[in-house]
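Scope of the values below: all heavy atoms of this structure, side chains included, with no hydrogens, waters or symmetry mates. The chains referred to below are lettered A, B, ... by the order of the sequence lines, with proteins before strands, and numbering in each begins at 1.
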2 protein chains.
Amino acid sequence: MSAQEPTVLVIEDEAPIRHFLRTTLSGQGFQVAEASTAEDGLAQAAARNPDIIVLDLGLPDLDGIEVTRRLREWTAIPIIVLSARNQEQDKVAALDLGADDYLTKPFGVKELMARMRAALRHAARSDAGPGEAVFTTGELRVDLVRRQVFVGDQEVHLTPIEYKLLTVLVRNAGKVLTHRQLLKDVWGPLHVDEAHYVRVYMRQLRAKLEANPAHPRYLITEIGVGYRLRTEDEDKEQRPSSPIQKPSR
Amino acid sequence: MSAQEPTVLVIEDEAPIRHFLRTTLSGQGFQVAEASTAEDGLAQAAARNPDIIVLDLGLPDLDGIEVTRRLREWTAIPIIVLSARNQEQDKVAALDLGADDYLTKPFGVKELMARMRAALRHAARSDAGPGEAVFTTGELRVDLVRRQVFVGDQEVHLTPIEYKLLTVLVRNAGKVLTHRQLLKDVWGPLHVDEAHYVRVYMRQLRAKLEANPAHPRYLITEIGVGYRLRTEDEDKEQRPSSPIQKPSR
DNA sequence: CTGGTTTTTACACCGTTTTGACACCGCCAT
DNA sequence: ATGGCGGTGTCAAAACGGTGTAAAAACCAG
């Protein structure tokens, strides 16, 4: 990936600002990618896999908030939001959706650079590999960027909740997720007790994704605990390295 | 570390602001620690090991910048800097020294909270790295993250209680656990007298995990006391007390 | 209004947990 | 030795609760 030259993706519709950012950032040793619309921005984020994204909230086609949400569905790349609006609620919304920082225009270049360095520092510290944009196991394929799901080469249509549930399982593929965990991530922390939901939707997912829903190959029930998405290399999995590894710091 | 209630350390010399922060933050479910000087702040950071630090730059005894530097010498706890000064160079200095965010007074509480959440998010993500915790002894392998158990390369399905019991033994591998201890950890402190439970389940575990359940290699009975999970390196070592070893059946 | 989606409700089924009964072994006192 | 005794292992029936299934009702956006 980014060895020497970190890549920054600038999503900004106003040409003057975009050009200004391009020159200053590339002058600071960044590889710069540009997009002037939300759609192009999302596409380029997936295609070029930048190290950091600078995102203007005021885009012509899609709300910047929405762009943040879409990005966070599949990646943890640092996002720094730029905005002309200084409303507190905008900041809260963007930050809570997963943005890493929020600057209001006009902003100083030095400050932007410093905040970018801080964001990159975080990413470097936690970098657990860029979350893969396409997950595959057996015949099942989930494209987190395009929000498409395939069984074999056949696309499957999922409802919003079905898709959300599936992405949660994908992001934790192989691990067991408790009912509460799934309910919190999909329906929000207020519904952690509605255990029915999960069963109903798991059944629907199985009906759509499994060849034989009665004997699921992917969506595994862990009775009394929750569910798990089976990964490709199931039983033959080798021991990682040492008998016991503590969680790394 | 932080179980339910995240702890925030507020380092701020002006009493009104400090009190204001204390009430709002504790109202938001934080455990709040306070310091009014840099020195006290550094001491408390070390002593209480908070999840996040809110640091005012204008302190009487030491520069806030210096506090940041000192903290970063030994910890990566998120630091959010508050300052009355809006100079760009101050922000750059603080951020480049390792501060995670920088707010200028006056600031909105909502924004502060959102930025704190963002900072905690980062910390959580780098904290919970992909450390696979796998316990191994002989042919037996227990993956505590995925909640999977293998004998050889064959996965074994365990019921919730069976698995819970096994994890308690794993966490105390090699040590003897009394019946009461096991009952308390698995069934809860109300059932510490139902010693029968342990026997029934120990049998089921042996049936699933041991090659020859009648002569267990892993799940050892310590008669009159409880049970013990044998660890890898202990097979060679025979009972230290008696030089004569009994004929094995 | 309509079609798709989400939420509820109801019920049959099956695995798990609990419970009870009994065989076994080693030890001690008779 | 022998018989009792406490701790242990074995087995399986019964009670329990989680899970899968289906479909109706409520909801919502076009």
Side-chain angles (χ1 to χ4, degrees), chain A residues 147 149 155-166 168-169 176-183 185-188 190-228, chain B residues 147 149 156-169 176-183 185-188 190-228 239 242 246-249:
Chain A
R147 309 168 132 226
V149 179
E155 180 172 359
V156 184
H157 170 74
L158 297 186
T159 71
I161 290 196
E162 287 166 1
Y163 180 76
K164 185 74 195 297
L165 177 58
L166 183 59
V168 174
L169 289 164
V176 178
L177 294 171
T178 65
H179 303 130
R180 295 183 70 85
Q181 187 85 48
L182 291 169
L183 285 161
D185 289 359
V186 177
W187 280 270
L190 292 78
H191 303 82
V192 288
D193 297 313
E194 319 270 356
H196 304 312
Y197 290 7
V198 182
R199 288 195 206 99
V200 172
Y201 274 88
M202 200 59 68
R203 167 177 144 67
Q204 299 184 165
L205 275 182
R206 280 170 175 164
K208 289 182 177 181
L209 304 180
E210 298 277 3
N212 181 357
H215 298 289
R217 288 190 303 180
Y218 310 126
L219 301 164
I220 309 298
T221 303
E222 297 284 349
I223 298 183
V225 186
Y227 295 88
R228 179 168 58 89
Chain B
R147 208 207 109 105
V149 179
V156 183
H157 170 74
L158 297 186
T159 71
I161 290 195
E162 288 166 2
Y163 181 78
K164 184 75 193 299
L165 177 58
L166 182 58
T167 60
V168 173
L169 289 164
V176 181
L177 293 169
T178 66
H179 300 133
R180 295 184 70 85
Q181 187 82 48
L182 291 169
L183 285 161
D185 289 359
V186 177
W187 280 269
L190 291 77
H191 302 81
V192 288
D193 299 314
E194 320 267 357
H196 194 53
Y197 289 4
V198 182
R199 287 192 210 101
V200 171
Y201 275 88
M202 201 58 70
R203 167 179 143 67
Q204 299 185 164
L205 274 183
R206 281 169 174 162
K208 290 182 176 180
L209 305 180
E210 298 277 3
N212 181 355
H215 301 291
R217 289 190 302 180
Y218 309 126
L219 301 163
I220 311 298
T221 303
E222 296 286 350
I223 297 185
V225 187
Y227 295 88
R228 178 170 58 87
R239 47 199 67 203
S242 83
K246 295 212 184 114
S248 58
R249 284 165 295 181

Run the side chain to side chain contact (heavy atoms under 4.5 Å, CB included) check on B:Leu158 and B:Leu205 step by step: do they pass?
CA-CA 8 Å; B:Leu158 297 186; B:Leu205 274 183; 4.1 Å; yes
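- Checking side-chain atoms of B:Arg206 against main-chain N and O of B:Pro216 turns up no donor-acceptor pair under 3.5 Å.
- A side-chain donor-acceptor contact under 3.5 Å links B:Lys164 to the backbone of B:Asp185.
- Under the rule for a side-chain contact (heavy atoms from CB on, under 4.5 Å), the partners of A:Thr178 that lie at least two apart in sequence or sit in another chain are A:Arg180, A:Gln181, A:Val225.
- Remark: B:Asn212 engages B:Ala214, B:His215 in a side-chain contact (heavy atoms from CB on, under 4.5 Å) (not counting sequence neighbours).
- Whole-Å rounding puts the A:Arg228 CZ to D:dT19 C1' distance at 17 Å.
- The two residues A:Ala207 and A:Pro213 come nearest to each other via the heavy atoms CA-CG, 4.0 Å.
- Within the helix from C:dC1-D:dG30 to C:dT30-D:dA1, the inter-axis angle between the opening and closing five-pair segments is 30°, rounded to 10°.
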So which protein N/O to nucleotides 3-8 of chain D N/O distances come out below 3.5 Å?
unit_1: D:dT8; atom_1: OP1; unit_2: B:Gly224; atom_2: N; d: 2.7

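- Here the OG1-NE2 distance, from B:Thr159 to B:His157, works out to 6.5 Å after rounding to the nearest 0.5 Å.
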Would you tabulate the nitrogen or oxygen pairs shorter than 3.5 Å linking the protein to nucleotides 28-30 of chain D?
none

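- Rounded to a whole Å, the CD atom of A:Glu194 is 15 Å from the P atom of D:dG18.
- Across the protein-nucleic acid pair, A:His196 atom NE2 and D:dA23 atom P stand 19 Å apart, rounded to whole Å.
- In this structure B:Glu222 satisfies the salt bridge (Lys or Arg N to Asp or Glu O under 4.0 Å) test together with B:Arg228, sequence neighbours excluded.
- Remark: of the listed residues A:Leu166, A:Leu169, A:Leu165, A:Leu165 is the sole one forming a side-chain contact (heavy atoms from CB on, under 4.5 Å) with A:Val186.
- Listed by chain and residue number, nothing satisfies the side chain to side chain donor-acceptor pair (under 3.5 Å) test with B:Arg147 (two or more places apart in sequence, or in another chain).
- The distance from atom CG of A:Leu219 to atom P of D:dG20 is 11 Å, rounded to the nearest whole Å.
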Show me the donor-acceptor pairs, under 3.5 Å and distance only, between side chains in residues 195-204 of chain A and residues at least two apart or in other chains.
unit_1: A:Gln204; atom_1: NE2; unit_2: A:Glu162; atom_2: OE2; d: 3.0

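- Checked against ring pair (Phe, Tyr, Trp, His ring centres under 6.0 Å), A:Tyr227 has the following partners two or more places apart in sequence or in another chain: A:His179.
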Nucleotide N/O of nucleotides 12-14 of chain C paired with protein N/O under 3.5 Å:
none

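- Atom CG in B:Leu205 sits roughly 15 Å away from atom C1' in D:dT10 (whole-Å rounding).
- Atom CG of residue B:Asp193 and atom CG of residue B:Leu183 lie 8.0 Å apart, to the nearest 0.5 angstrom.
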Encode nucleotides 2-7 of chain C as B, S and - characters from 5' to 3', where the letter depends on protein heavy atoms closer than 4.0 Å: B to the base, S only to sugar-phosphate, - to neither.
---SBB
